[in-house]
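Counting starts at 1 for both ligands and their atoms, following the listed order.
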Amino acid sequence: MSLKMKSTFLWGGAVSNVQAEGSIAAGGKGLNVYDTLDVVPERGQRSIGDVNLASNHYRQYSEDIALMKEMGFKAYRFSIVWSRIHPNGEEETPNKEGLAYYDKMVDELIAAGIEPVASLVHFDMPDHLAKAYNGFLNKKTIDLYVRHVEQVVEHFKNKITWWITYNELNTAPFESMSGLVAGVHRPEGMSKPQFFHDIFYNTMLASSRATNIIKRINPNAHVSGMMTLNRVFAERNDSNDRLAAFIVNEFTHDLYADVFATGQYPDFYKRWLDLNGIDWCADDMAELVKASVSSDYLPVSLYQTRVIRFDRSIASVGDINEVLFEVPTQPNPALSASHWGWTIDPVGFRQELGMLYQRVGKPLFIVENGIGLEERNSLEENLENQERINYHNTYILNMQRAVHLDGTDIIGYLVWSPIDILSSHKEMGKRYGFIFVGPAQDDGSMPRYRTAALDWYRDVIAAGGVDDDEE
Ligand code: BG6
């Protein structure tokens, strides 16, 4: 049996433009939350790069698109940076220079035969909205976001049909990510459960309103909010560890999957809100329900799985909250991991895709998967990135098995990232690229180099997948 993918499968790659573009003040752009982020370095991080330079993609995107074409990309996911279009978020009309910039980029993609897949929020909320309103904690930000989306989509409606309303919604309510993802910090005196719910609800409402508007503007558009898959397993074969893992996954995966699928809160979540004394109003759910019906696919990212340990019984809502907000998860000691401790778990990937598809019942689009590798000392070593090839080979193989053996519907696979870009923690030495980006030259340009992974991926795309040697 051939495990290759159909010819319509969307092979390609993805970036977030704030991590790639640089030129943070060009073309009337305003600062956003990524530009101003005060990085708390992640485990293993060695340096903090320059956001004004990043990969100089702002000026060199044509070169990058040409190399993507060479790899045979069918689709490319990028973000239309919110603060390039509405520099402080409150302008009534869009910044023409910002629109013109993405117009040219999208035209080049289309000319190269590459389907544009556009993200509408990816770490790019205008800094002003974060500072003045505490981001998505304030309903005013939702209205400003919706106006932004409407103007962007009206402008691009004849060129872009694939939309992602919001990157990795299920990271927004957790304080380690909420500043970057939702422009928000928990106010003093607000409980963690209340914060969780307010951010969960406000960002899902924003994404749902955006989904409904996009479908109104173009009924043929493919649109959805997005989630990341980072399932937690029990560290030991122990019932309390297993229950703790189950609870974390309920709030980080099942809650989102259910709302994407039906627009309704699952029972475990309603009970948790009641136990924490949090009010919620069923009348406000209409936009979520409508979006769940009109959105026709679910975009997901996946990089790692984790494990959790909990040494006593979970016997009160306080224990549940402790598991959710206080107990750190860890890399899986039974599997290998990247330098940054991100567990490599391709079989977990297949299992995760199957579980999610069975829960949601919509085709899944893998819009990010990749491995951060340490930058090497010599250019040659950087170009021979065999570890990247091995990583994607096993993940693609497991995706093919998910499709052909498990019946999981998957419509595309986008690697993170075609080019080296800054990490979410602004580290350039954490390399993801199939195209290696060298240091800035005197004229400010950054040379692009084809790596071994580029040749390998071109052949995989041409063949429709990887061989299953264990067949
Ligand atoms: C995803 C984000 O979660 O992970 C990306 O959508 C991010 O923006 C990617 O870059 C990889 O994570 P990191 O922290 O290594 O950049």
Side-chain angles (χ1 to χ4, degrees), residues 12-22 32-35 37 39-49 51 54-55 57 76-82 117-125 164-174 176-183 203 207 224-231 252-253 256 298-306 329 331 337-345 349 352 365-375 387-388 391-392 395 413-434 437:
V15 303
S16 120
N17 282 48
V18 291
Q19 295 168 248
E21 285 178 0
N32 55 53
V33 291
Y34 184 75
D35 298 333
L37 175 73
V39 173
V40 178
E42 69 170 318
R43 167 192 155 154
Q45 181 160 355
R46 296 205 169 105
S47 61
I48 294 178
V51 285
S55 310
H57 183 66
Y76 172 57
R77 172 182 173 218
F78 64 101
S79 45
I80 296 175
V81 174
W82 186 349
V117 179
S119 311
L120 288 159
V121 189
H122 198 145
F123 306 166
D124 50 11
M125 175 189 291
I164 295 172
T165 55
Y166 204 119
N167 183 63
E168 297 184 344
L169 279 152
N170 53 336
T171 59
F174 292 94
S176 57
M177 291 303 290
S178 63
L180 194 55
V181 177
T203 52
S207 168
S224 177
M226 174 198 161
M227 63 188 288
T228 190
L229 309 177
N230 51 0
R231 189 161 290 270
T252 54
H253 292 64
Y256 284 86
L298 180 59
V300 297
S301 64
L302 187 141
Y303 289 86
Q304 57 177 327
T305 54
R306 310 273 295 173
T329 60
S338 76
H339 164 78
W340 291 264
W342 293 31
T343 302
I344 299 168
D345 190 1
F349 178 57
E352 180 63 53
F365 189 173
I366 298 154
V367 295
E368 278 185 47
N369 177 35
I371 182 166
L373 296 176
E374 289 173 272
E375 184 177 334
E387 270 175 277
R388 183 164 339 283
Y391 175 92
H392 283 282
Y395 274 79
Y413 181 87
L414 307 184
V415 297
W416 190 271
S417 158
I419 55 171
D420 289 322
I421 60 177
L422 290 170
S423 78
S424 64
H425 292 70
K426 299 185 179 171
E427 188 177 15
M428 195 64 190
K430 188 178 192 183
R431 297 283 178 161
Y432 280 97
F434 288 63
V437 176

Q) Are any of the N or O atoms of Glu368 closer than 3.5 Å to those of ligand 1? A) yes
Q: Using non-hydrogen atoms of the residue, decide whether Asn167 is closer than 4.0 angstrom to ligand 1.
A: yes
Q. Do Trp342 and ligand 1 have an N or O pair less than 3.5 Å apart?
A. no
Q: Using a strict cut-off of 4.0 Å, indicate which atoms of ligand 1 neighbour a heavy atom of His122.
A: 2 (C), 5 (C), 6 (O), 8 (O)
Q. For Asn369, which of Trp416, Tyr395, Tyr391 qualifies under side chain to side chain donor-acceptor pair (under 3.5 Å)?
A. Tyr391
Q. Any idea which protein heavy atom is nearest atom 11 (C) of ligand 1, and the distance to it?
A. Tyr432 OH, 3.4 Å
Q.
Test your reading of the structure: does Glu168 have an N or O sitting under 3.5 Å from an N or O of ligand 1?
A. yes
Q.
Out of the candidates Lys426, Glu427, Glu375, His425, only one should pair with Ser47 under the side chain to side chain contact (heavy atoms under 4.5 Å, CB included) rule; please name it.
A. Glu427
**Q.** Lys430 N/O under 3.5 Å from ligand 1 N/O
**A.** yes
Q.
So, regarding Thr228 and ligand 1 (criterion: nitrogen or oxygen to nitrogen or oxygen, under 3.5 Å), is there a contact or not?
A. no
Q: Give the residue, atom name and distance (to 0.1 Å) of the protein heavy atom nearest atom 7 (C) of ligand 1.
A: Trp416 CZ2, 3.8 Å
Q.
So, 4.0 Å and heavy atoms of Trp340: is ligand 1 close enough to count as a contact?
A. no
Q: Please check if any side-chain donor atom of Arg77 sits under 3.5 Å from a side-chain acceptor atom of Ser119, or the reverse.
A: yes
Q.
Give me the nearest non-hydrogen protein atom to atom 14 (O) of ligand 1 as residue plus atom name, then the distance to 0.1 Å.
A. Ser424 OG, 2.5 Å
Q: Among all protein heavy atoms, pick out the one at the shortest distance from atom 9 (C) of ligand 1; state its residue, atom name and that distance to 0.1 Å.
A: Tyr303 OH, 3.4 Å
Q) Looking at Gln45, Arg43, Lys430, Glu374, which hits side chain to side chain contact (heavy atoms under 4.5 Å, CB included) with His339? A) Glu374
Q: Identify, for atom 10 (O) of ligand 1, the protein heavy atom at the shortest distance, and state residue, atom and that distance.
A: Gln19 NE2, 2.9 Å
